[in-house]
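For ligands, and for the atoms within them, numbers begin at 1 and follow the listed sequence.
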Amino acid sequence: MDGKTADGKMTGGKTMDYTGMEIVNLITGKTKLLGVIGNPLSHSISPQLHNTVSRGLGIDAVYVPFLVEKGDLGAAVRGLKAINIVGFNITIPYKNEVVRYIDEVSREAALVGAVNTVKNVNGKLYGYNTDIPGFIRSFKEESGMDDLRGKRVALLGAGGAARAIAVGLAFEGISRLYIINRTRGKAADIAELINGNISPVAEYHGTSDTKIEEVLTKSDIIINATSVGMYPDVNKTPLDFPFSFLPRQVLYDVIYNPGKTRFLEEGEKQGIKVVNGLGMLIYQGIMAYEIWMGIKVPDEITRRLFEFFPGLPCREGFYGRNFH
Ligand code: ATR
């Protein structure tokens with residue numbers, strides 16, 4: 001090739017050897033398209049997650065990241081519909097804004113005000129929030145507590161993750177939800193959403209309220225849905241006072257990097273059941289895939305993802321929380 005590659009660049013005088021070139025059959029004219037829209041996306045593990053599932057199941061589909069600039073969301077969604085995408089995820093910062101471009105939004109997603117999964121059926125877009133059932137499935141399967149009816153839950157945090165978790169727990173029939181957040185007003189908003197639309201089980205507190213220890217003691221489940229303790233701030237804890245957990249209590253942390261936050265380490269030291277957020281990440285993805293393909297992903301595939309994915313958080317720019 002005369003020291004030049006196809007695009008005309010010099011190759012340092014070496015002749016390129018193309019004898020190993022092969023036909024790539026990975027994507028064909030029949031391959032189904034899936035993807036995720038968000039910004040940034042470089043941290044996202046969703047392409048690996050979904051492409052691993054497709055490969056595992058032998059389904060001819062490819063999942064691609066679509067970086068969308070602010071102001072282009074509507075055009076991006078219309079474009080995806082126009083090219084007949086099968087379905088897509090939405091992540092930061094568009095989970096709320098995308099709702100206005102969806103034709104039909106599920107009741108849970110409408111309550112949370114956030115859609116993370118869209119299915120395109122003959123040009124009509126259906127919106128779902130799989131963070132909600134993703135959390136519930138992860139919690140039940142990994143904590144061993146599979147009936148949440150009558151449980152009292154302390155929820156630390158009042159951001160997007162907390163909102164999805166609160167809605168999921170309320171639909172499961174918990175008897176009390178104590179929402180505790182640094183910014184009290186945000187906890188109040190979620191309490192109002194739950195009490196006004198699902199069941200009157202929620203109360204809210206600021207993190208420095210004197211009643212915090214009392215409500216934690218009453219709780220069967222304590223969930224960290226804040227970002228406190230996430231990599232690289234691994235020495236921080238969402239409860240900044242010494243607290244003795246009770247043997248019946250289960251701790252859940254939405255963070256999965258580190259795999260065990262100080263909050264979970266403390267619970268484990270005190271001998272109680274602890275669960276990290278890797279399951280929520282994996283199940284929200286599995287449930288999106290099930291919606292797109294209309295299938296049940298076999299448990300064996302899910303089990304393999306739990307084996308593979310703890311290795312990925314070492315990647316540069318990986319968040320360790322927030323799903324996609
Ligand atoms: P997401 O949508 O992923 O849940 P978010 O909306 O940024 O993310 O929410 C982050 C949560 O972590 C919030 O509850 C936030 O508390 P505020 O509502 O007061 O901001 C909480 N959080 C983040 N950093 C915190 C800190 N240093 N101390 C206490 N809470 C913190």
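- With ligand atoms numbered from 1 in the order given, ligand 1 contributes 12 (O), 23 (C), 24 (N) to contacts under 4.0 Å with heavy atoms of S227.
- For ligand 1, the atoms closer than 4.0 angstrom to any heavy atom of A161 are 1 (P), 2 (O), 4 (O).
- Against a heavy-atom cut-off of under 4.0 Å, T183 is close to the following atoms of ligand 1: 17 (P), 18 (O), 19 (O), 20 (O).
- For ligand 1, none of its N or O atoms has an N or O atom of A162 under 3.5 Å away.
- Aromatic ring orientation, F135 versus Y252: perpendicular (interplanar angle above 60°, classes split at 30° and 60°).
- For the pair K186 and ligand 1, the shortest N or O to N or O distance falls below 3.5 Å.
- Only side-chain heavy atoms of V228 come within less than 4.0 Å of ligand 1; its backbone N, CA, C and O stay farther off.
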Just distance, no hydrogens or angles: give the donor-acceptor pairs under 3.5 Å from side chains in residues 155-173, sequence neighbours left out.
residue, atom, partner, partner atom, Å
R163, NE, V112, O, 3.1
E172, OE1, K140, NZ, 2.7

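- More than 12 heavy-atom neighbours from other residues, nucleotides or ligands sit within 6.0 angstrom of NZ on K218.
- Of the options P238, G160, A225, the smallest heavy-atom separation from atom 1 (P) of ligand 1 is shown by G160.
- Where the criterion is an N or O separation shorter than 3.5 Å, residue side chain and backbone included, G157 fails it with respect to ligand 1.
- A donor-acceptor pair under 3.5 Å is formed between the side chain of Q270 and the backbone N or O of F245.
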Under the criterion side chain to side chain contact (heavy atoms under 4.5 Å, CB included), I'd like the reasoning laid out for N89 against W292: C-alpha separation, chi angles, the key distance, then a yes or no. CA-CA 10 Å; N89 286 129; W292 295 325; 3.3 Å; yes
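- Just one residue in the list K151, R248, R152 forms a side-chain hydrogen bond (donor to acceptor under 3.5 Å, both in side chains) with D220, and that residue is R248.
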